[in-house]
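Chain naming here is simple, since letters A, B, ... match the order of the sequence lines and numbering starts at 1 in each. Computed from heavy atoms alone, side chains included, the values below leave out hydrogens, waters and symmetry copies.
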There are 2 protein chains.
Amino acid sequence: LNRRGGPIGVFDSGVGGLTVLKTLRSALPAERFIYLGDTARVPYGTKSAASVVKYSLQCADALIVRGIRCLVVACNTASAFALDALRLRYPEIPIIGVIEPGAAAAVSASRTGHIAVIGTEGTIAGGAYQAAIHRLNGRARVTAQACSLFVAMAEEGWIDGPVAEAVARRYLEPIFGAGWGGAGRGAAVTAVIVPPTVLEPPQPAVPDTLVLGCTHFPVLHAAIRAVLPAHVRIVDSAATVASAVAGELALPAQPPDGGGVIWLATDGAARFARVSGIFLGTALRADEIEIIDL
Amino acid sequence: LNRRGGPIGVFDSGVGGLTVLKTLRSALPAERFIYLGDTARVPYGTKSAASVVKYSLQCADALIVRGIRCLVVACNTASAFALDALRLRYPEIPIIGVIEPGAAAAVSASRTGHIAVIGTEGTIAGGAYQAAIHRLNGRARVTAQACSLFVAMAEEGWIDGPVAEAVARRYLEPIFGAGWGGAGRGAAVTAVIVPPTVLEPPQPAVPDTLVLGCTHFPVLHAAIRAVLPAHVRIVDSAATVASAVAGELALPAQPPDGGGVIWLATDGAARFARVSGIFLGTALRADEIEIIDL
């Protein structure tokens with residue numbers, strides 16, 4: 001199989017990876033993509049490592065037979081558990097996860113070396129972000145927090161407003177402290193923000209950087225921003241994944257045909273189409289989505 | 001296989017059915033039970049009908065080979081989609097879902113005939129509650145609402161307090177109106193409650209009965225109660241399922257051996273054990289749970 005000029009394969013447990021796909025399409029508009037959402041087995045975030053590896057290999061198999069020349073694992077849980085197994089099975093193509101680019105972006109963004117990571121239960125319990133950040137900065141301090149409700153909230157379309165902020169506050173206040181911005185609390189209490197340059201690494205009490213360690217979370221950006229101290233930087237790995245993919249592709253698409261996406265899912269085309277609008281900006285039609293059996 | 005004296009099989013997509021099991025054990029303390037949580041494929045509530053039927057048959061198969069003499073489908077989504085297929089495959093044992101008993105309890109509880117039902121996307125979209133209620137009372141009016149976030153909230157253990165009430169209010173206020181009880185709104189505005197006896201059937205604007213059409217929801221009872229008008233009755237199908245099961249069992253357990261439960265799951269014993277405490281009152285140990293492959 002000659003993979004030159006083949007599409008870029010992108011898979012996720014469901015719809016969350018669409019945030020990564022959206023960024024990839026903006027960065028690489030001439031490329032063709034195949035997106036696979038494993039909606040029959042979503043979510044991966046509460047499943048065991050062994051199940052996530054099995055499902056990820058099945059997703060990769062389905063994309064490989066469709067001739068992809070590069071694989072993007074647009075799911076943090078799958079990136080945390082299955083990247084080694086995927087690279088072992090398919091050494092011939094570049095395989096890019098979301099965790100290493102996200103960790104690199106966080107280490108670049110943080111001035112103090114104290115980085116917070118939020119994700120699904122599986123991603124956080126697996127510790128892959130913590131390990132990836134420490135490989136890049138051995139003195140970094142990482143505060144990690146599972147935010148399970150964010151996934152359901154994103155898929156429900158409750159992406160801003162008082163409920164989204166109340167949920168974000170409950171998860172993030174223990175990490176960043178109370179009394180910062182957000183609805184119902186008035187303006188951000190800027191007088192008590194210690195300028196980042198005064199803090200010396202390592203390890204001030206409050207992180208200065210927050211990594212969105214789940215591809216669902218970027219759609220909740222406004223609600224998360226509203227409850228964070230103003231100086232905290234939010235890192236979304238999607239942007240850095242796009243540049244990692246561009247770096248891996250020695251050859252551009254041959255021939256460039258104006259791009260486009262083939263949409264695959266393993267269950268529920270109607271729901272996938274409806275929810276896709278939250279993550280892509282424009283909703284797909286159900287008849288654009290091919291259901292495959294894994 | 002002689003099924004007399006065999007255990008009662010109970011399955012759910014995950015941990016939600018534990019609320020039904022808890023009630024069954026209280027009502028039938030001498031019985032032995034096998035509980036199967038299909039945690040590898042949870043949730044069923046966002047999956048297609050075809051997938052839910054396939055998974056439900058696999059769960060039933062696993063329980064049947066273990067000698068059960070009665071099957072309880074302790075999942076509203078599976079009850080909505082798979083009951084006919086299950087009864088066709090296993091005509092020799094009684095199979096009890098949660099929807100018919102829940103609908104019967106709601107029709108008994110409602111004075112006005114206007115009944116609200118909340119559940120997962122799958123249960124609500126499938127319309128099984130609506131149909132079951134109408135079979136019992138052709139003049140009933142049913143207002144149905146999917147409450148997807150309730151499942152994640154219950155599993156996170158956020159079962160009361162301001163976030164749980166804010167989420168409950170967002171789902172339920174459009175049905176029952178604003179200005180009722182709940183934190184942050186002061187006492188219930190009892191002055192504007194129209195006495196139920198003044199309302200004549202059929203179809204006042206606000207339902208007088210709310211069916212918890214998902215086995216996760218009973219643990220959220222306090223938060224739901226807090227945002228409802230005081231006269232609205234909450235129907236939890238678990239209690240009526242227990243009496244339906246007792247009615248089906250012509251023979252009591254032979255011999256009565258003090259009861260007990262065998263715990264099965266399809267993934268993630270550690271998480272199952274941890275979350276079980278929310279639904280059972282006491283958490284299981286991970287080594288009490290056998291993982292099976294379906």
Q) In terms of heavy-atom proximity below 4.5 Å to chain B, should A/Thr266 be classed as side chain, backbone, both, or neither? A) neither
Q. Given the side-chain rings of A/Tyr171 and A/Phe150, with only the six-membered ring counted for Trp, is the space between their centroids under 6.0 Å?
A. yes
(Q) Using a 6.0 Å cut-off, check whether atom CG of A/Asp84 has over 12 heavy atoms from anything other than its own residue. (A) no
Q: Specify which of A/Asp267, A/Leu149, A/Thr39 makes the most heavy-atom pairs with chain B at under 4.5 Å.
A: A/Asp267
Q | For chain B, the option from A/Met153, A/Arg271, A/Arg170, A/Lys47 that forms the most heavy-atom pairs under 4.5 Å | A | A/Arg170
Q | salt bridge (Lys or Arg N to Asp or Glu O under 4.0 Å), paired with A/Asp61, selected from A/Arg89, A/Arg66, A/Lys54 | A | A/Arg89
**Q.** Best-contacting candidate, B/Val163, B/Val151, B/Val275, against chain A by heavy atom pairs under 4.5 angstrom
**A.** B/Val163
Q: For the residue pair A/Thr123 and A/Asn76, confirm or rule out a side-chain donor-acceptor distance under 3.5 Å.
A: no
**Q.** Aromatic ring pairing A/His216/A/Phe279, orientation class (parallel under 30°, perpendicular over 60°, tilted between)
**A.** perpendicular
Q. Picking from A/Gly14, A/Gly268, A/Ala166, A/Pro43, which has the most non-hydrogen pairs under 4.5 angstrom with chain B?
A. A/Pro43
Q. Do you know which of A/Ser51, A/Ala125, A/Ala50 has the most heavy-atom pairs with chain B at a distance under 4.5 angstrom?
A. A/Ser51
Q: Pick one of side chain, backbone, both or neither for A/Glu155, based on which atoms fall under 4.5 Å of a heavy atom in chain B.
A: neither
(Q) Is B/Ser148 close to chain A through its backbone or its side chain, or both, or neither, when contacts mean heavy atoms under 4.5 Å? (A) both
Q | Distance in Å, A/Ser56 OG paired with A/Asp38 CG, rounded so as to fall on 0.5 Å steps | A | 8.5 Å
